[in-house]
Every structure is written in structure tokens, then in C-alpha cells.
Student: 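Just dropping this structure here.
Lettering of chains follows the sequences in order, A, B, ..., and the numbering in each one begins at 1.
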Number of protein chains: 2
Amino acid sequence: MFSKSCEYAIKAMIYVAQKSKNGERVGIKEIAKSTSAPEHFIAKILQDLSRKKLVNSYKGPNGGFFLNEDNLKTSLADIVKATDGNGIYTDCVLGLKSCSESTPCPVHNEFRAIKKNLIKMIESNTIGDFNKKLEAGSSFLKNV
Amino acid sequence: MFSKSCEYAIKAMIYVAQKSKNGERVGIKEIAKSTSAPEHFIAKILQDLSRKKLVNSYKGPNGGFFLNEDNLKTSLADIVKATDGNGIYTDCVLGLKSCSESTPCPVHNEFRAIKKNLIKMIESNTIGDFNKKLEAGSSFLKNV
DNA sequence: TAAATAAAAGATAAAAAAATCTTTTTATTC
DNA sequence: GAATAAAAAGATTTTTTTATCTTTTATTTA
């Protein structure tokens with residue numbers, strides 16, 4: 001459904017959210033370990049998200065990544081767009097250039113509702129929401 | 001959403017369906033051109049679908065690919081499984097090994113309905129259905 | 001049965017995605 | 001201000017996906 005980069009980005013954002021209580025920051029090594037992501041790969045992803053202002057970071061000792069109040073309002077859609085681009089909004093499922101509402105590809109109508117619901121869902125769920133669920137113990141980020 | 005291979009496979013199946021009237025067959029060159037797919041690449045994909053009995057083919061002059069009555073009942077899900085594997089059924093959206101109904105990942109619950117609807121849709125729509133819509137002129141396979 | 005046709009199969013190459021390694025910059029603390 | 005810590009940046013490698021090229025095998029027709 002999403003690229004590896006996107007999966008890692010979502011997991012990292014959620015993990016950083018968890019560790020961003022009372023001004024704390026979390027280093028890339030810990031993020032990598034806790035999300036089962038290759039260190040340098042997840043570093044690149046976070047640097048990119050940082051440039052795009054979805055996460056914050058400080059360099060140097062006691063530095064690290066953290067989310068501020070605003071970052072917690074980041075939706076899944078924001079992360080998907082930042083990592084995988086806008087394809088989910090713009091691209092035909094079969095990759096046809098001229099597919100549209102007026103000249104739909106054979107599967108267009110069947111996918112309309114699916115895509116609409118998917119987009120609605122990723123737009124309406126934020127990192128803050130997921131963070132709360134983790135804190136409440138109703139979901140888990142563990143990988144094995 | 002799907003791999004390029006899968007997109008090509010779906011387009012090719014639909015195109016071959018169109019050309020499978022009264023015992024006719026269609027060659028790989030024509031399929032490639034009509035689906036804007038690289039000839040050898042789509043050839044490989046069709047060979048694979050042929051091995052898996054989703055399409056039929058004859059070699060030699062006047063040979064080519066065609067769909068029989070049974071092939072027309074192939075669902076989108078069959079094609080997705082043949083080309084991209086079972087990931088859509090089995091894999092966690094975040095790629096977490098231990099994600100399940102009892103230990104859901106943070107996004108699991110939000111994606112449950114989306115995935116369920118997607119699976120239901122690809123299982124209930126067949127190549128024959130899409131073929132009929134094309135014939136009725138209510139959808140288009142053209143890629144400009 | 002020879003020539004032609006067409007798919008099948010195998011090998012190779014190119015491009016993209018994912019992962020890793022190295023160096024640089026910045027900041028902190030002693 | 002030297003040593004250290006940590007992210008940023010750049011370069012490289014590996015893997016996977018996508019695409020191409022070449023050879024083989026099967027079939028038909030003349």
C-alpha cells in the first residue's frame with residue numbers, strides 16, 4: 001500500500017511523539033532500533049521530514065528529534081504525501097493518463113469509493129491520535 | 001496501490017478479453033501496443049499468467065493469447081495475487097510482524113475497514129465484468 | 001519438409017528503491 | 001578552546017523492480 005520509506009516515516013513519527021514529553025528528545029539510534037529501521041535510512045527520512053517541518057530536531061549533545069504541539073497535528077496524509085508523493089490523490093489505479101470521471105478506466109468506478117475512504121481516513125487521523133492510543137495501551141508498535 | 005506488473009496484467013487481461021470473441025486470439029505485439037506496455041515485459045507477465053492458467057495461448061502462426069469462459073471469471077484479486085502476492089491479505093500496513101487483531105499496530109483499526117472493502121471489491125469484480133463495461137462504452141482503456 | 005510465424009524461455013541491462021558508509025557541520029560540556 | 005556528541009549531508013552500494021535483448025521451441029502453411 002505504501003513504500004518502505006513511508007512505513008518507516010509513520011512508525012518513526014509515532015515513536016518520536018511518544019518520546020516527546022516535557023521537552024525531551026530522542027536520538028536517531030534509538031528511533032532506528034525501536035522501529036526496526038536501518039539507522040542511516042531512517043535518518044535520511046527524518047531529515048527530509050525535518051526539512052518539511054513535520055518533525056523538529058536539535059543537533060549536538062542532548063540533541064535529537066521531537067514533535068511540538070503542531071507536529072502532533074500531522075495527519076497520516078501529510079506523511080504519505082511527504083514520502084510517496086501525491087499519487088494516491090492523482091494517479092489512475094491502472095496508470096492510465098486519460099482516466100478521469102468523464103473517461104473512466106475499467107476499474108475507476110469500483111475504486112472510487114475505496115480511494116475516497118482511504119483518503120478521508122489518512123486525512124482525519126493524526127500522529128497525536130495514534131500517540132494517545134499507544135499511551136492508552138490499545139495499540140502496539142512492537143515488531144516481534 | 002499495485003505494482004507496475006500488476007497494472008499491466010490487469011490491462012492486458014481486459015484487452016485480451018475484448019479480443020477473445022468467437023475463438024479469436026491476439027498477439028503479444030498488439031497487446032503491448034494497446035496497453036502501452038513494453039513488449040517483452042508484458043510478454044513475461046502473460047507467460048506467468050498463462051502458467052497460472054489465468055489466460056490461454058497458442059503458439060505458431062495465428063497463435064496468440066485468449067480468454068476462455070473460465071478465464072473471464074478471473075477476479076481482480078486473482079490477478080493481484082498472481083502478480084503481487086498475498087501481501088494485501090496478510091501484511092500489516094506498517095510492516096509489523098506481530099500486528100494482529102489482538103495486538104494491533106497504531107493504524108490497524110483505521111485500516112481494517114479500508115482493507116476489507118478493498119479486498120471485497122477486488123474479489124467480486126471479474127475481467128468479464130470489466131469487459132462488459134468496455135463493450136457498453138461506459139469505460140475506456142485508452143492511454144492517450 | 002522447408003519457411004514463416006509466434007509464443008516461451010533465458011540472459012542481460014537499466015532504473016528505482018532501499019540500505020549503508022563516510023564526512024561534515026553544529027552544539028555542548030568540561 | 002579541546003573533546004565529545006549528535007544530526008546533516010553526501011557518496012556509494014545493494015537489492016528489487018522494470019525493461020530489453022537473444023535464443024529456443026512449437027505450430028502452421030505452402
Side-chain angles (χ1 to χ4, degrees), chain A residues 1-13 15-16 19-20 23-33 35-67 80 82-85 87 91 94-95, chain B residues 1-13 15-16 19-20 23-33 35-67 80 82-85 87 91 94-95:
Chain A
M1 175 128 344
F2 303 125
S3 70
K4 280 269 170 198
S5 296
C6 186
E7 291 180 8
Y8 287 145
I10 295 169
K11 283 189 277 190
M13 287 286 286
Y15 185 77
V16 174
K19 293 287 172 168
S20 295
E24 282 175 41
R25 300 151 201 166
V26 56
I28 197 68
K29 282 208 179 70
E30 182 181 336
I31 298 171
K33 194 173 286 179
T35 57
S36 320
E39 186 182 324
H40 293 95
F41 192 45
I42 192 73
K44 283 218 167 303
I45 291 166
L46 281 167
Q47 282 154 28
D48 186 47
L49 294 177
S50 171
R51 243 175 274 118
K52 289 170 178 165
K53 309 290 181 198
L54 303 191
V55 304
N56 275 281
S57 73
Y58 279 122
K59 296 179 182 181
N62 299 320
F65 293 88
F66 66 98
L67 301 192
V80 172
T83 52
D84 290 353
D91 296 354
L94 296 186
Chain B
M1 176 126 347
F2 304 124
S3 71
K4 280 266 169 202
S5 297
C6 186
E7 291 180 8
Y8 287 143
I10 295 170
K11 284 188 278 190
M13 288 285 287
Y15 186 76
V16 174
K19 294 287 171 169
S20 297
E24 283 176 40
R25 300 149 198 166
V26 55
I28 197 68
K29 281 207 179 70
E30 183 181 336
I31 298 172
K33 193 174 287 180
T35 57
S36 322
E39 185 182 325
H40 293 95
F41 192 46
I42 193 73
K44 283 221 167 301
I45 291 167
L46 281 167
Q47 282 154 27
D48 186 48
L49 294 177
S50 170
R51 243 175 274 118
K52 290 171 178 165
K53 308 290 182 199
L54 303 191
V55 304
N56 275 280
S57 72
Y58 280 123
K59 295 181 184 179
N62 300 318
F65 294 89
F66 66 98
L67 301 193
V80 171
T83 53
D84 291 352
D91 297 354
L94 296 185

Student: Using a strict threshold of under 4.0 Å (side-chain N to carboxylate O), is an ion pair present between A/K52 and A/D48?
Tutor: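 Between A/K52 and A/D48 there is a salt bridge, with a charged N closer than 4.0 Å to a carboxylate O.
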Student: Taking OP1 and OP2 of D/dA8, is either one under 4.0 Å from a side-chain nitrogen or oxygen of A/R51?
Tutor: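 Looking at the OP1 and OP2 atoms of D/dA8, neither is under 4.0 Å from any side-chain N or O of A/R51.
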Student: Among the candidates D/dG10, C/dA19, D/dA19, find the nucleotide nearest to the side-chain atoms of A/K44.
Tutor: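 Of the candidates, D/dG10 comes closest.
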Student: Among C/dA19, C/dT28, D/dA9, which is the nearest nucleotide to the side chain of A/P38?
Tutor: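 The answer is C/dA19, which lies nearest to the side chain.
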Student: What's the shortest heavy-atom distance between A/L46 and A/I31, and which atoms?
Tutor: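 Looking at all heavy atoms of both residues, the closest pair is CD1-CD1, 3.7 Å.
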Student: With respect to the side chain of B/S50, which nucleotide from C/dT5, C/dA8, D/dT29 is positioned closest?
Tutor: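 From the listed options, C/dA8 comes nearest.
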Student: Identify which nucleotide among D/dT4, D/dT28, D/dT20 has an atom closest to any side-chain atom of B/P61, counting heavy atoms from C-beta outward.
Tutor: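 For the B/P61 side chain, the nearest candidate turns out to be D/dT28.
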Student: Assign the ring pair A/F41 / A/Y8 to parallel, tilted or perpendicular, where the plane angle (0 to 90°) is split at 30° and 60°.
Tutor: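 Ring orientation, 0 to 90° scale: perpendicular.
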Student: How close or far is atom P of C/dA6 from atom CG of B/L46, stated in whole angstroms?
Tutor: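 Roughly 16 Å, once rounded to whole Å.
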Student: Rounded to whole Å, please give me the gap between NZ in A/K29 and C1' in D/dA8.
Tutor: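 The distance from NZ of A/K29 to C1' of D/dA8 comes to 14 Å, rounded to the nearest Å.
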Student: Rounded to whole Å, please give me the gap between CG in B/D48 and P in D/dT17.
Tutor: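 So the two atoms are 14 Å apart, to the nearest Å.
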Student: Of all heavy-atom pairs between A/L49 and A/A9, which one has the smallest distance, and what is that distance?
Tutor: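 Looking at all heavy atoms of both residues, the shortest contact is CD1-CB, 4.0 Å.
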Student: Atom CD1 of B/I42 and atom P of C/dA6: how far apart are they, to the nearest Å?
Tutor: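 Going from B/I42 (CD1) to C/dA6 (P), I get 18 Å.
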Student: Report yes or no: does B/R25 contribute a side-chain atom to a donor-acceptor pair with the main-chain N or O of B/N62 at less than 3.5 Å?
Tutor: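 The answer is yes, because a donor-acceptor pair under 3.5 Å joins these two groups.
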Student: Between D/dA9, D/dA5, C/dA8, spot the one nearest the side chain of B/Q47, thanks.
Tutor: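 From the listed options, C/dA8 comes nearest.
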Student: When all nucleic acid strands are considered with a 4.0 Å heavy-atom cut-off, which category describes B/R25: base, sugar-phosphate, or nothing?
Tutor: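 No contact.
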Student: When you measure from the side chain of B/K59, which nucleotide among C/dA4, D/dT20, C/dA7 comes out closest?
Tutor: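 Looking only at heavy atoms from C-beta outward on B/K59, the closest nucleotide is C/dA7.
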Student: In terms of the nearest nucleotide of DNA chain C, which residue is placed more toward the 5' end: A/A37 or B/A43?
Tutor: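 Nearest-nucleotide comparison on DNA chain C picks B/A43.
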Student: Given D/dT20, D/dT27, C/dC21, identify the nucleotide with an atom nearest to the side chain of B/F41.
Tutor: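 For B/F41, the side-chain atoms sit closest to D/dT20.
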Student: Would you mind reading off the distance between B/I28 atom CD1 and C/dA8 atom P, rounded to a whole angstrom?
Tutor: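 Atom-to-atom, B/I28 to C/dA8, this comes out as 8 Å.
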Student: Between D/dT18, C/dA18, D/dT22, which nucleotide has the shortest distance from any of its atoms to the side chain of A/K4?
Tutor: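 Taking heavy atoms from C-beta onward, the closest nucleotide is C/dA18.
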Student: To the nearest Å, how far apart are B/Y58 OH and D/dT29 C1'?
Tutor: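 In whole Å, D/dT29 C1' and B/Y58 OH are 18 Å from each other.
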Student: Does A/N62 make a side-chain N or O approach to OP1 or OP2 of C/dT29 shorter than 4.0 Å?
Tutor: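 Affirmative; the distance criterion is met.
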Student: Within the structure, does a side-chain N or O atom of B/S57 lie under 4.0 Å from either OP1 or OP2 of C/dA6?
Tutor: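 Negative; the distance criterion is not met.
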Student: Would you mind reading off the distance between B/F65 atom CZ and D/dA26 atom C1', rounded to a whole angstrom?
Tutor: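 Distance, rounded to whole Å: 13 Å.
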Student: Any side-chain heavy atom of B/E24 sitting closer than 4.5 Å to one from B/K19?
Tutor: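 A side-chain contact is absent here, since even the closest heavy-atom pair is not under 4.5 Å.
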Student: Could you work out which one of C/dA19, C/dA8, C/dA18 sits closest to the side chain of A/S5?
Tutor: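 Among the listed nucleotides, the one closest to the side chain of A/S5 is C/dA18.
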Student: Between B/F66 (CZ) and C/dA6 (C1'), how many Å, whole number?
Tutor: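 Roughly 14 Å, once rounded to whole Å.
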